[in-house]
Amino acid sequence: MSSSLPIGPGSNITAPTPQNTPLQHAPLSSGLSRPTVPDITEDKEEEDEEDTDGNPLHNAMLGMVQGRLADLVGRSSGYIERLPVEVKRSVEALKGVQIKQNELQNKFKRECLELEKKYLELSKPLYERRIAIIKGDIAPTEEEIEAGEKQSAKDDEEYTPLPKDATAPCAIPEFWLTALQNHIGLQDLITERDAGALKHLVDIRLSYLDNLSQLDAKPGFKITFAFSPNEFFENETLEKTYYYQAEVGYFGDFAYDRAVGTEIKWKEDKDLTKEFEIKKQRNKNTNRTRVVRKARPTESFFNFFSPPTPPSEDAIASGDIDEEELEELEEKVEMDYQIGEDLKEKIIPRAIDYFTGKALEYDLMEEDDDEFDDLDDDDDEEHFDDDV
């Protein structure tokens with residue numbers, strides 16, 4: 001998603017749906033590699049950049065053009081205003097037709113969410129069996145093991161089948177911590193201190209809000225983190241709820257509205273979102289000293305449950321928040337939303353692939369694809385020499 005997307009009530013961060021989000025990303029680029037040296041076109045582009053960067057006149061003219069284009073955005077050319085009244089009435093009628101189309105699209109997207117909810121319910125028995133195997137509450141069947149080994153052999157030609165004599169149930173240690181650490185977006189957010197608490201994570205669950213049939217209600221989903229008793233906090237579960245806007249956005253998909261997280265009930269001196277600094281202070285009059293303990297915010301995965309709040313349109317319009325702060329907040333909101341979507345669309349349904357690291361290959365492939373820009377046909381032609 002673009003980092004320049006607006007935030008707040010008018011946000012247009014689009015939510016994936018069954019129509020625009022595949023269940024998995026096919027390895028289309030397998031076997032392909034990025035060139036290790038730039039081609040002639042890239043060299044020429046770098047030279048052009050060097051030439052123009054040092055040309056004050058070019059930069060000044062470019063700035064003037066960009067400024068004029070920015071001033072024209074949103075302004076009427078006068079064409080519509082000059083149309084006959086009869087034509088204007090037809091134009092207004094088309095707007096009325098568009099409203100009906102928007103209403104249908106809104107119903108369609110809500111039905112898509114209902115379909116996602118239906119198949120989540122069908123998946124629940126599989127998720128329940130998954131967590132029972134992870135916790136070691138039940139032993140896997142030979143059929144399940146054989147199916148897994150076939151997949152492993154397909155993924156790795158050198159895979160060696162496991163001995164058949166081990167039948168007792170056995171828990172998988174630190175399953176969810178490992179799975180989260182193998183996600184590109186989360187691995188940098190999980191600190192060593194966080195790992196101690198996330199070792200107690202026993203399950204991550206998805207649910208949808210129960211208001212999908214109400215057209216004026218905001219749809220959304222909830223991610224629930226279930227923990228075993230631990231020395232860090234009192235909560236048995238930590239939740240994060242993501243809300244979409246009540247109506248689909250301009251491009252026909254639900255747009256992100258806001259997120260709400262659980263308040264964590266930290267045990268004494270165990271708040272992982274804060275660092276504590278101990279200082280000695282001396283009284284100027286009595287010369288007595290005292291120890292002062294100060295807390296300050298620090299990076300932690302558990303800040304995920306205190307999501308950034310998008311500024312209101314009024315705050316943006318009034319200039320209460322400057323452009324740099326707005327851009328920084330926008331990036332935080334977008335990252336927070338993307339992590340929620342990745343938990344919903346990737347990590348929860350494919351937890352075993354994140355535990356083994358298999359999913360990392362696809363995530364890296366997707367990230368590499370994002371680094372390439374599409375070229376125009378003219379640009380493509382410049383890559384080929386007529387003599388070749």
Side-chain angles (χ1 to χ4, degrees), residues 1-2 5-28 94-128 130 183 185 203-225 239-261 304 307 310 333-351 353-354 359 362-363 366 369-370:
M1 291 185 293
S2 170
L5 293 171
I7 57 179
S11 170
N12 196 28
I13 298 180
T14 301
T17 68
Q19 282 65 43
N20 64 17
T21 303
L23 291 178
Q24 66 181 38
H25 297 282
L28 298 177
L94 289 180
K95 294 179 183 178
V97 172
Q98 184 64 53
I99 291 173
K100 296 294 184 182
Q101 288 180 260
N102 295 345
E103 291 173 353
L104 282 177
Q105 184 72 6
N106 198 42
K107 290 180 181 179
F108 168 66
K109 291 301 179 181
R110 285 181 178 270
E111 288 187 18
C112 287
L113 283 179
E114 288 283 8
L115 191 62
E116 289 185 19
K117 185 177 180 181
K118 171 187 173 181
Y119 277 89
L120 176 62
E121 289 297 318
L122 293 174
S123 298
K124 277 188 175 179
L126 299 175
Y127 287 153
E128 289 171 359
R130 178 175 74 181
H183 179 270
D203 197 16
I204 305 178
R205 299 189 287 264
L206 169 68
S207 59
Y208 288 90
L209 303 188
D210 294 326
N211 57 1
L212 300 182
S213 60
Q214 304 172 22
L215 295 181
D216 59 341
K218 292 183 178 180
F221 62 93
K222 181 187 296 182
I223 307 292
T224 301
F225 294 72
E239 296 178 343
K240 182 77 168 287
T241 304
Y242 287 88
Y243 294 93
Y244 300 139
Q245 294 180 16
E247 296 183 359
V248 296
Y250 185 81
F251 295 105
D253 287 304
F254 281 116
Y256 171 67
D257 184 68
R258 62 191 174 90
V260 178
F304 175 72
V333 169
E334 186 175 346
M335 177 181 290
D336 179 75
Y337 170 71
Q338 187 60 57
I339 289 175
E341 284 291 343
D342 281 0
L343 284 164
K344 169 177 172 280
E345 300 287 342
K346 297 180 179 181
I347 298 175
I348 292 177
R350 291 189 169 272
D353 291 338
Y354 279 93
Y362 293 86
D363 287 348
E366 186 180 44
D369 289 342
D370 291 341

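Nothing here was measured: the structure is a model prediction, and the numbers come from that model.
Separating the CD atom in Gln98 from the NZ atom in Lys100 is a distance of 12.5 Å, to the nearest 0.5 Å. Rounding to the nearest 0.5 angstrom, the gap separating the CZ atom in Arg110 from the CD atom in Glu247 is 8.5 Å. Taken to the nearest 0.5 Å, the NZ atom of Lys346 stands 10.5 Å off from the CD atom of Glu341. Rounding to the nearest 0.5 Å places OH of Tyr208 at 14.0 Å from OH of Tyr242. Note that NZ of Lys107 is 12.5 Å distant from CG of Asn102, once rounded to the nearest 0.5 Å.
Every residue was checked against the side-chain hydrogen bond (donor to acceptor under 3.5 Å, both in side chains) condition with Gln101, not counting sequence neighbours, and none meets it. Annotation: side-chain contact (heavy atoms from CB on, under 4.5 Å) contacts of Pro307 (sequence neighbours excluded): Lys240, Ala259, Asp336. In this view, Asp203 and Ile131, Trp176, Arg205, Ala226 satisfy the side-chain contact (heavy atoms from CB on, under 4.5 Å) rule, not counting sequence neighbours. Here Glu111 pairs with nothing under the salt bridge (Lys or Arg N to Asp or Glu O under 4.0 Å) rule; sequence neighbours left out. Scanning for salt bridge (Lys or Arg N to Asp or Glu O under 4.0 Å) contacts around Lys124 gives Glu121, with sequence neighbours left out. Listed by chain and residue number, His183, Gln338 satisfy the side-chain hydrogen bond (donor to acceptor under 3.5 Å, both in side chains) test with Asp342 (two or more places apart in sequence, or in another chain). For Lys95, the side-chain hydrogen bond (donor to acceptor under 3.5 Å, both in side chains) partners at least two apart in sequence or on another chain are Glu92. Residues satisfying the side-chain contact (heavy atoms from CB on, under 4.5 Å) test with Ile348, not counting sequence neighbours, are Tyr127, Arg130, Ile204, Leu206, Ile223. In this view, Gln105 and Phe108, Lys109, Val248 satisfy the side-chain contact (heavy atoms from CB on, under 4.5 Å) rule, not counting sequence neighbours. Partners of Lys222 by side-chain hydrogen bond (donor to acceptor under 3.5 Å, both in side chains), not counting sequence neighbours: none found.
Note that Lys344 lies in the cation-pi zone of Phe221, set by a 6.0 Å cut-off to the ring centre and a 45° limit from the axis.
The aromatic rings of Phe254 and Tyr244 lie parallel to each other, their planes meeting at an angle below 30°, with 60° marking the opposite boundary.
A donor-acceptor pair shorter than 3.5 Å can be found between the side chains of Tyr354 and Asp363.
Between Met335 and Val333, the closest side-chain pair of non-hydrogen atoms is not below 4.5 Å. Here the side chains of Leu209 and Pro219 are not in contact, with every heavy-atom distance at 4.5 Å or above. Using a 4.5 Å heavy-atom threshold, the side chains of Leu120 and Lys117 count as separate.
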In sequence, state the C-alpha distance, the side-chain angles, and the governing distance for Tyr337 and Asp257, and then conclude on side chain to side chain contact (heavy atoms under 4.5 Å, CB included).
CA-CA 10 Å; Tyr337 170 71; Asp257 184 68; over 6 Å; no
